[in-house]
Number of protein chains: 2
Amino acid sequence: MPIKEAVRPGGRSARVQEAVHQAVRELQAVKSRDELTVPQVAELAGVTPSTIYRRWGNLAELVADVSVERMRPDEDPVDTGTLAGDLQAWGEQYLEEMASVPGQRALNDVMASADNGRRERCCRYSESLMTTLRERALARGEEAVPSLERLVDGVVAPMTYRLLYDRESATAANLRRWIVRALAVEDVD
Amino acid sequence: MPIKEAVRPGGRSARVQEAVHQAVRELQAVKSRDELTVPQVAELAGVTPSTIYRRWGNLAELVADVSVERMRPDEDPVDTGTLAGDLQAWGEQYLEEMASVPGQRALNDVMASADNGRRERCCRYSESLMTTLRERALARGEEAVPSLERLVDGVVAPMTYRLLYDRESATAANLRRWIVRALAVEDVD
DNA sequence: AATACAAACGCAAAATATTTGCTTTATGAG
DNA sequence: CTCATAAAGCAAATATTTTGCGTTTGTATT
């Protein structure tokens, strides 16, 4: 039951994929996670269940697939003029998004995927975003721009951690602290 | 389908719970995650499937329940004489445990649980451990002992993040960096 | 210690979901 | 245009999950 990354790009395959994804999104808007079933999705998408089982394996992988899409950043991060500002702006939007009910569900669905690659991919989004912000800061000539690794460990990791385990603490105020620290830390090696 | 936290402590209930947990552990040693089924577990545990469904809801919650147990720290953290040393000792053991194949699975199973409380509980283990190490350090009279929050954000969060998303980086060497930084950071507020 | 009460279990039938073998369709390459 | 093949449809066969109901067994009360 291998998970296909690159389906046939055009034609029926793509149409089916789109129809199924769309059906999932529509049903998710109305039903809770454990009311959702494969046969339901299949019917709404105008597809037989076996098609879904063959392509995605099971419901968990299907909803994870849909959720990863949902988490892909759609727009470029705003440019506030400083790295700290950019981080704060992006982070606040991200926190808001992930604290919402559908955001929470998306997060959960992705985490529930047995496919490690999927989780990693979703996470690369943040990393590539950090890279973008870093390069922007360097281009501006900012000093003491932290390494990518440090940004991830100092900002993304605590944010993710709190979102997953301790939602109460996933706040804009804490975000500010993480950013200040990440930018302030002396090099230690 | 509410998940019962406190089952009847003694007697049959407890016996069933233990038998089922045991059955899961035995089967997990032999079968991959998606070969495991509720009826199988039920049979090995000498219980009817409906008992399991009623008590745990589904397989995902059951294996998550078992895995949370597995992640409960069994022994007191070693005392190396310094906070940094204690953190390193604990962290290395934890990393080793979670990088192993069964450790990885346990981590995945917990993350796949729809029950937030379960994930949080598993996470409290680390927090309470950090509290222990902090108090120990304070009792020794160490200076500049970081707040619990800072230890979690600075050490536990990056560790967890890397374990979940970027296993390659979940190393003892990086752990050392996280610890050094967490202990070195000036207060910023 | 006897009784009452409710929680948890067992059993088995019914309802659903999943898998599978085979056929048909549609796409992309030659 | 034709061919080879990946993906989809269909339907029968399995497997699972759910559910109603009767029974067992802890727990609390007297």
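Since the model is a prediction, treat every value here as computed from it, not as a measurement.
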(message) Can you measure B/E43 atom CD to D/dA15 atom P for me and round it to whole angstrom units?
(response) 13 Å
(request) Give the rounded distance in Å between these two atoms: CD of B/Q17 and P of D/dT25. (result) 19 Å
(message) Please tell me if B/R55 has a side-chain N or O lying less than 4.0 Å from either OP1 or OP2 of C/dC9.
(response) yes
(request) Choose from C/dG10, D/dG9, D/dT17 the nucleotide whose nearest atom is closest to any side-chain atom of B/Y53. (result) D/dT17
(message) Output the rounded distance in Å from CD (B/E18) to P (C/dC9).
(response) 14 Å
(request) Starting at atom CG of B/L36, determine the distance to atom P of D/dT17, rounded to an integer number of angstrom. (result) 11 Å
(message) Counting distance alone, no hydrogens or angles: does the base of C/dA26 have a donor or acceptor under 3.5 Å from a partner atom on the side chain of A/R12?
(response) no
(message) What I want to check is whether an N or O donor and acceptor connect the side chain of A/R54 with the base of D/dG9 at under 3.5 Å.
(response) yes
(request) Indicate whether any N or O donor in one side chain lies under 3.5 Å from an N or O acceptor in the other, for B/N108 and B/R105. (result) no
(message) Between A/R70 and A/E97, is the salt bridge (charged side-chain N to carboxylate O under 4.0 Å, His left out) condition met? List the steps.
(response) CA-CA 11 Å; A/R70 193 183 183 292; A/E97 177 119 4; 3.7 Å; yes
(message) Measure CG/B/N58 against P/D/dA15 and give the value in whole Å, please.
(response) 21 Å
(request) Check the surroundings of atom CD in A/E168: do more than 12 heavy atoms from other residues, nucleotides or ligands lie under 6.0 Å from it? (result) no
(request) In whole angstrom, give the distance that lies between atom CZ of A/R15 and atom P of D/dG9. (result) 11 Å
(message) Does D/dG9 have OP1 or OP2 under 4.0 Å away from a side-chain N or O of A/T51?
(response) yes
(request) Take atom CG of A/L62 and atom P of C/dA17, then tell me their distance rounded to the nearest Å. (result) 14 Å
(request) For A/R136, enumerate each residue passing the side-chain contact (heavy atoms from CB on, under 4.5 Å) test, keeping only those at least two apart in sequence or located in another chain. (result) A/P77, A/D79, A/D86, A/L133, A/R140
(request) Look at all strands and tell whether A/S50 reaches a base, only sugar-phosphate, or nothing, counting heavy atoms closer than 4.0 Å. (result) base
(message) From C-beta outward on B/T48, which listed nucleotide comes closest to its side chain: C/dA8, D/dT18, C/dG10?
(response) C/dG10
(message) Between C1' on D/dT16 and CG on B/D34, what's the gap in Å once rounded to a whole number?
(response) 15 Å
(message) Between A/R15 and A/E18, does any NZ, NE, NH1 or NH2 come within less than 4.0 Å of an OD or OE carboxylate oxygen?
(response) no
